[in-house]
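Throughout, numbering of the chain's residues begins at 1 and tracks the sequence. Computed from heavy atoms alone, side chains included, the values below leave out hydrogens, waters and symmetry copies. None of these values were measured; they are calculated from a predicted model.
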Amino acid sequence: MTNKAIISTDKAPEAIGTYSQAVKTNNTVYISGQIPLEPSSMAMVDGGFEAQTHQVFKNLKAVCEAADGSLADIVKLNLFLTDLSNFATVNEVMAQYFEAPYPARAAVGINELPKGALIEADAIMVL
């Protein structure tokens, strides 16, 4: 039987719906998709794609810390973008939050995200 702990923090947007911010099982943490909502207001951040990308990484960081980890512990990162022409901006912003060795990563172009977000990211972290 696997142990399972639900991770929750008010420093990231609360889960809206039938999911948890993250679930920890043994030493692995599965972090739900984060969109660029400001945690205290639950409103989308202003400032376009770059500002949204910063907020997504801040939200991921908060969930990592709530699970007693950090962004450096992420082993797999999935990015979902409504416009793949923003990929260079993602790399620039990501470099401000991550250092080598970087996690494995996928970047997927999609049609639409919740609340009109331009980017979403989920992750797997190993402690």
Side-chain angles (χ1 to χ4, degrees):
M1 181 170 190
T2 308
N3 72 356
K4 182 168 102 172
I6 302 304
I7 307 300
S8 182
T9 178
D10 60 3
K11 292 180 171 68
E14 66 181 285
I16 306 168
T18 55
Y19 66 95
S20 300
Q21 287 175 328
V23 176
K24 179 179 179 184
T25 178
N26 298 320
N27 66 336
T28 304
V29 181
Y30 299 89
I31 302 171
S32 292
Q34 295 294 313
I35 61 173
L37 295 177
E38 200 286 320
S40 62
S41 68
M42 291 297 288
M44 192 73 61
V45 296
D46 293 326
F49 183 80
E50 185 172 346
Q52 287 195 16
T53 304
H54 277 285
Q55 189 63 51
V56 163
F57 287 126
K58 289 175 187 174
N59 293 344
L60 279 176
K61 181 177 186 273
V63 177
C64 288
E65 290 172 352
D68 296 324
S70 72
L71 291 174
D73 297 313
I74 290 177
V75 296
K76 178 68 167 109
L77 180 66
N78 295 312
L79 302 170
F80 305 94
L81 295 85
T82 59
D83 184 349
L84 285 175
S85 70
N86 287 318
F87 191 73
T89 303
V90 168
N91 283 333
E92 291 169 13
V93 174
M94 188 174 165
Q96 297 173 44
Y97 294 88
F98 291 84
E99 296 179 359
Y102 300 111
R105 182 179 81 176
V108 180
I110 60 169
N111 186 43
E112 183 175 19
L113 287 166
K115 298 191 173 276
L118 303 175
I119 183 171
E120 180 173 355
D122 68 11
I124 299 172
M125 179 173 69
V126 177
L127 303 172

Looking at residues at least two apart in the chain, or sitting in another chain, which of them share a side-chain hydrogen bond (donor to acceptor under 3.5 Å, both in side chains) with [X]?
{"X": "Glu65", "answer": "Lys61"}
{"X": "Tyr97", "answer": "His54"}
{"X": "Thr18", "answer": "none"}
{"X": "Gln34", "answer": "none"}

With sequence neighbours excluded, tell me which residues meet side-chain contact (heavy atoms from CB on, under 4.5 Å) with [X].
{"X": "Ser32", "value": "Tyr19"}
{"X": "Glu38", "value": "Ser40, Ser41, Val45"}
{"X": "Ala67", "value": "Ile7, Val29, Met125"}

May I ask you to test the [X]-[Y] pair for a side-chain heavy-atom distance under 4.5 Å?
{"X": "Leu60", "Y": "Leu77", "answer": "yes"}
{"X": "Asn86", "Y": "Ile119", "answer": "no"}
{"X": "Tyr30", "Y": "Asp122", "answer": "no"}
{"X": "Ile74", "Y": "Phe98", "answer": "yes"}
{"X": "Pro114", "Y": "Glu120", "answer": "yes"}
{"X": "Gln21", "Y": "Ile31", "answer": "no"}

Inset, instruction - Kindly indicate, with the supporting measurements, whether the criterion side-chain contact (heavy atoms from CB on, under 4.5 Å) is fulfilled by Val93 and Val56. - result: CA-CA 10 Å; Val93 174; Val56 163; over 6 Å; no

Inset, instruction - Kindly give the heavy-atom pair with the smallest separation between Gln96 and Glu92, and that separation in Å. - result: NE2-O, 3.5 Å

Inset, instruction - Any chance you could pull the hydrophobic cluster mates of Val23, using side-chain heavy atoms under 4.5 angstrom and chaining through other members? - result: Ile6

Inset, instruction - Report yes or no: does Gln52 contribute a side-chain atom to a donor-acceptor pair with the main-chain N or O of Ala117 at less than 3.5 Å? - result: no

Inset, instruction - Go through Ile124 and Thr28 one step at a time and tell me if the side-chain contact (heavy atoms from CB on, under 4.5 Å) criterion holds. - result: CA-CA 7 Å; Ile124 299 172; Thr28 304; 3.7 Å; yes

Acceptor/donor pairs from residues 10-17 side chains to any protein atom, 3.5 angstrom cut, sequence neighbours excluded:
none

Inset, instruction - Group every Ile, Leu, Val, Met, Phe, Trp and Tyr by side-chain heavy-atom contacts under 4.5 Å, then state whether Ile35 and Phe49 land in the same group. - result: no

Inset, instruction - Verify the cluster assignment for Phe87 and Met94: are they in a single hydrophobic cluster under the rule of side-chain heavy atoms below 4.5 Å apart? - result: no

Legend entry - Exceeds 12 heavy-atom contacts within 6.0 angstrom, atom CG of Asn27: yes

Inset, instruction - Drop me the distance from Thr25's OG1 to Asn3's CG, to the nearest 0.5 angstrom. - result: 5.0 Å

Legend entry - salt bridge (Lys or Arg N to Asp or Glu O under 4.0 Å) pairs, two or more places apart, involving residues 67-81: none

Compile the donor-acceptor pairs under 3.5 Å between side chains in residues 99-113 and protein atoms, sequence neighbours left out, one pair per line.
residue, atom, partner, partner atom, Å
Arg105, NH1, Asn91, OD1, 2.8
Arg105, NH2, Asn91, OD1, 2.9

